[in-house]
Amino acid sequence: MFDRSLLARSAVEVAPLLLGAHLVSGDVTLRITEVEAYLGVGEDPGSHSFRGKTRRNEVMFGEPGHLYTYFTYGMHVCANVVCSPAGSASAVLLRAGEIIEGVDVARARRLTSKSDVDLARGPARLVVALGITLADGGADLAAGPLRLELPAEASAHSTSARTGVSGGGGGEAYPWRFWIPGDPTVSPYKAHTPKKRS
DNA sequence: TATGCGATTGCCT
DNA sequence: GGCAATCGCATAG
């Protein structure tokens with residue numbers, strides 16, 4: 001259980017608080033080391049909620065402290081923590097973390113991972129390591145099998161432009177990628193690469 | 001209804 | 001370092 005009001009603030013304020021927080025999923029516990037903030041309707045061109053409510057993003061419009069999952073690239077699932085008051089539709093994407101409990105279980109789920117620091121290094125990998133699926137979307141992180149444990153204070157952190165976001169939501173105008181400096185589980189920064197296909 | 005591309009990853013060269 | 005895999009969603013017609 002945690003104080004839900006802590007999350008009822010802007011994603012940019014919540015993101016540093018999530019750094020160092022623990023996300024417990026059954027036997028596996030993750031220490032979050034890297035996140036990205038996404039704002040609400042009409043505020044943030046990079047956010048799924050920018051153009052309003054749809055079936056996919058409706059969880060973002062609900063209470064803070066719930067899990068927003070989405071499917072992308074035809075094969076990957078990413079997870080967000082919904083924040084800001086209900087209706088504002090902003091969230092924080094969980095990009096990377098360190099498995100601090102249940103490493104053996106995480107390894108079994110991430111057979112392609114060569115070393116333990118890669119187990120949850122990257123948003124789609126993190127989801128797999130924790131055993132999260134699309135069906136977990138909407139789950140309340142304050143109670144239940146998926147549980148978020150917030151630290152008392154925000155960790156020291158660095159910021160930069162968001163990774164992988166194209167168009168108006170990318171670049172220096174939105175320096176909403178947050179990470180714990182020096183942590184080996186933080187994913188390498190990679191600017192958006194334009195799509196090319198025959 | 002049709003079409004293009006994405007908050008990515010891992011294998012290939 | 002480059003690129004294929006793979007499908008739901010948003011946008012255009």
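The figures here come from the full heavy-atom set of this structure, side chains too, leaving out hydrogens, waters and symmetry mates. Every chain is numbered from 1, with letters handed out A, B, ... down the list of sequences.
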- Query: Whole-Å distance between B:dA7 C1' and A:Leu93 CG?
  - Reply: 5 Å
- Query: Quick one: is B:dT8 close enough that its OP1 or OP2 comes under 4.0 Å of any side-chain N or O from A:Arg95?
  - Reply: yes
- Item | For A:Ile180, the option from A:Glu98, A:Arg31, A:Glu34 that meets side chain to side chain contact (heavy atoms under 4.5 Å, CB included) | A:Arg31
- Task: May I ask you to evaluate whether A:Arg110 reaches the phosphate of B:dG10, defined as a side-chain N or O under 4.0 Å from OP1 or OP2?
- Result: yes
- Query: Choosing from B:dA7, C:dG8, B:dT9, which nucleotide comes nearest the side chain of A:Asn80?
  - Reply: B:dA7
- Note on the structure: Ordered by number, residues from residues 51-68 of chain A within less than 4.0 Å of DNA chain C (heavy atoms) are A:Arg51, A:Thr54, A:Arg56
- Answer yes or no: does a side-chain N or O of A:Arg125 lie under 4.0 Å from OP1 or OP2 of B:dG10? yes
- Query: Do A:His48 and A:Tyr70 have ring centroids that are under 6.0 Å from one another?
  - Reply: yes
- Query: Would you call A:Lys53-A:Glu58 a salt bridge at under 4.0 Å N-O?
  - Reply: no
- Message: Distance check needed: B:dA7 C1' versus A:Leu39 CG, whole Å only.
- Response: 14 Å
- Please state how far atom CG in A:Leu94 lies from atom P in B:dT8, giving the value in whole angstrom units. 13 Å
- Provide the closest heavy-atom pair for A:Tyr68 versus A:Val82 in the form atom of the first, atom of the second, distance. CB-CG2, 3.9 Å
- Query: Can you find a side chain N or O atom of A:His48 that sits less than 4.0 Å from OP1 or OP2 on B:dA7?
  - Reply: yes
- Item | Ion pair A:Arg162/A:Asp44, N-O distance below 4.0 Å | yes
- Does C:dT6 have a Watson-Crick or wobble mate here (both distances under 3.5 Å), and if so which one? none
- Could you tell me the separation between the CG atom of A:Leu111 and the C1' atom of B:dG10, rounded to a whole number of Å? 14 Å
- Task: Assign A:Gly122 to base, sugar-phosphate, or nothing according to its heavy-atom contacts below 4.0 angstrom with the strands shown.
- Result: sugar-phosphate
- Item | Residue matched to B:dA7 through Watson-Crick or wobble contacts both under 3.5 angstrom | none
- Task: Report yes or no: is the ring centroid of A:Tyr38 under 5.5 Å from the six-membered base ring centroid of B:dA7, with the two planes under 30 degrees?
- Result: yes
- May I ask you to say whether A:Asp118 pairs ionically with A:Arg110, meaning some side-chain N is under 4.0 Å from a carboxylate O? no
- Task: Could you check if a side-chain atom of A:Glu43 sits within less than 4.5 angstrom of a side-chain atom of A:Phe50, using non-hydrogen atoms only?
- Result: no
- Message: Taking only the C1' atom of each, what is the distance from C:dC3 to B:dC5 in whole angstrom?
- Response: 16 Å
- Distance in angstrom units between A:His76 NE2 and C:dT6 C1', rounded: 9 Å
- Query: Is it true that A:Arg4 and A:Asp140 have a side-chain N and a carboxylate O under 4.0 angstrom from each other?
  - Reply: yes
- Can you tell me how far P of B:dT8 sits from CD of A:Glu36, to the nearest Å? 8 Å
- Query: A:Met75 CE to B:dC11 P: how many Å, rounded?
  - Reply: 12 Å
- Task: Return the stacking result for B:dG6 and A:Tyr73: yes when the ring centres lie under 5.5 Å apart and the planes under 30°, no otherwise.
- Result: yes
- Item | Nearest-Å distance for atom pair NZ/P, residues A:Lys114 and B:dG10 | 9 Å
